[in-house]
Protein chains: 2
Amino acid sequence: MNLSPINERFVLHFGEMGSRWGVNRTVGQMYALLFLSPKALNSDEIAEQLGFSRSNVSMGMKELLSWKLCKLVHKPGDRRDYFETPKDVWEIFRSLVEEKRKREIEPTLTLLRDALMDEATSDEDKHAQERMREMHELIELATGWFDEVQHLSPETLENLMRLGSKVQKVLSFAGHLRPGNRS
Amino acid sequence: MNLSPINERFVLHFGEMGSRWGVNRTVGQMYALLFLSPKALNSDEIAEQLGFSRSNVSMGMKELLSWKLCKLVHKPGDRRDYFETPKDVWEIFRSLVEEKRKREIEPTLTLLRDALMDEATSDEDKHAQERMREMHELIELATGWFDEVQHLSPETLENLMRLGSKVQKVLSFAGHLRPGNRS
DNA sequence: CTATAATTTCAGTAATTACTGAAAATTGGA
DNA sequence: TCCAATTTTCAGTAATTACTGAAATTATAG
């Protein structure tokens, strides 16, 4: 790995973190390398910089593409595939949440809905359904909320976040003026 | 596994999901079993219901306790440890985010801060630092926001979420009345 | 203190996941 | 079309992670 110390530390760290986020070490490293890189890199460059096999890069990049964490670009007169990460960190964050939802949240919601449709006879099943109902409600609320706010512009979102819990005060103030809007 | 079909499906599903959230299959199953259970269970009951070894349960429960996803309770006149999950799903969600932050976000922030302190000489390093600065800013903003809103009561939080993106309209309305509060 | 019930540790092994290199497939130009 | 550059697949193997059972430890009641 012939990276500068700053870059190398970052790449290694993301390798470790990758495993906590459901991708393996090498995929995490590939992502980090591309995130820092000022230009798109091709598979050979990635393989060489990180010191693993060409085929591993191929599989890893396929996974990063599927997570929409990287995109494929081409250079004129060059047949090779080049990879880069989206520039905007908000966009990255949004795709990540979006994909996590598709892969983890939606299947869970489906399971919960199915289970809630079943006829519960025993007390055990009735209690289980009640717990599932609570979980289902929370997930629906949280994902529904995310759906809505993710369409706000990055600036609006940023402003909202900077408001933090003060949002509550502003809202209750607005609520006093126009009861229909009370939070 | 002598669970009712409804419970069994849920338990198996959480086993699979566990691996995507950084815990292994058996730990995910233990959590799911306890989440659904109407009463606290001891290690032998867990081992028997799920069909794995007593020692595995011991290790798994240690992990769930460390994530604050389960708590230890005792029954009068019974020396054994019993386990249960917190009742309130909001509380569960909050501990999960809190622990994720401690283990994954904080170390990353530390790394980023350190890297940003370093003197960047090459263009490559300068660009890398700029990227890290963007990432650092996003993480600070998002975690700072979470810090604030997690202290709101579950009801307020729920109301805020139900507002969704409409929050923007209410805020800009309030802003017109009192420019100092403009979002 | 001793006996026993309960829990934890840990070395060994099983199971899973990650990685490689060689071969196959695909792509684009001549 | 054929050829060469590039990417993908996949079987085999390496590395890692998960799980067990036996032994050690801890805790409690008598």
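Just so we're on the same page: letters track the sequence lines, and every chain starts at 1. Keep in mind the model is a prediction, meaning the values are calculated, not measured.
- Using a 4.0 Å heavy-atom distance criterion, A:Asp81 is classed as a sugar-phosphate-only contact.
- The interatomic distance linking A:Lys62 (NZ) with C:dA25 (C1') rounds to 13 Å, in whole Å.
- A:Lys68 NZ: 12 or fewer foreign heavy atoms inside a 6.0 Å radius.
- In this entry the distance linking CE of A:Met59 with C1' of D:dA11 reads 12 Å, nearest Å.
- Atom P of nucleotide C:dC19 and atom CE of A:Met61 are separated by 15 Å, given to the nearest angstrom.
- Atom-to-atom, CG of A:Leu41 to C1' of D:dT6 comes out at 17 Å; the value is rounded to the nearest Å.
- Judged by atom type and distance alone, A:Arg79 does not reach the base of D:dT6 through any side-chain donor-acceptor pair under 3.5 Å.
- With DNA chain C read from its 5' end, the first of the two nearest nucleotides for A:Val23 and B:Ser43 is the one closest to B:Ser43.
- At a threshold of 4.5 Å between non-hydrogen side-chain atoms, the residues B:His127 and A:Leu36 do not count as touching.
- Residue-level contact check: A:Arg25 touches the backbone only, with heavy atoms under 4.0 Å from sugar-phosphate atoms and none from bases.
- Just one of A:Arg80, A:Lys75, A:His74 meets the side-chain hydrogen bond (donor to acceptor under 3.5 Å, both in side chains) condition when paired with A:Asp78; it is A:Arg80.
- With distances taken from any side-chain atom of B:Ser53 to the nucleotides D:dC10, D:dT20, D:dT6, the minimum falls on D:dT20.
- Counting only heavy atoms from C-beta on, B:Asn24 has its side chain closest to D:dA18 among D:dA18, C:dC10, D:dC10.
- Listed for the B:Gln129 side chain is a donor-acceptor partner under 3.5 Å among the backbone atoms of B:Asp118.
- Projected onto DNA chain D by closest heavy-atom contact, A:Asn42 and A:Ser19 fall at different nucleotides, the more 5' of which corresponds to A:Asn42.
- Atom pair B:Phe52:CZ and C:dA14:P shows a separation of 19 Å (rounding to whole Å applied).
- At a threshold of 4.5 Å between non-hydrogen side-chain atoms, the residues B:Leu109 and B:Glu106 count as touching.
- Atom pair A:Phe83:CZ and D:dT6:P shows a separation of 13 Å (rounding to whole Å applied).
- Between the P atom of D:dT20 and the CG atom of B:Asp44 lies a distance of 14 Å, rounded to the nearest Å.
- Comparing C:dT9, D:dT20, D:dT7 by their nearest atom to the side chain of A:Arg80 picks out D:dT7.
- As rounded to whole Å, 14 Å separates atom P of C:dA6 from atom NZ of B:Lys75.
- When each of A:Ser55 and A:Asp78 is assigned the nucleotide of DNA chain D bearing its nearest heavy atom, the one mapping closer to the 5' terminus is A:Asp78.
- A close approach under 4.0 Å does occur between a side-chain nitrogen or oxygen of B:Arg54 and OP1 or OP2 of C:dT7.
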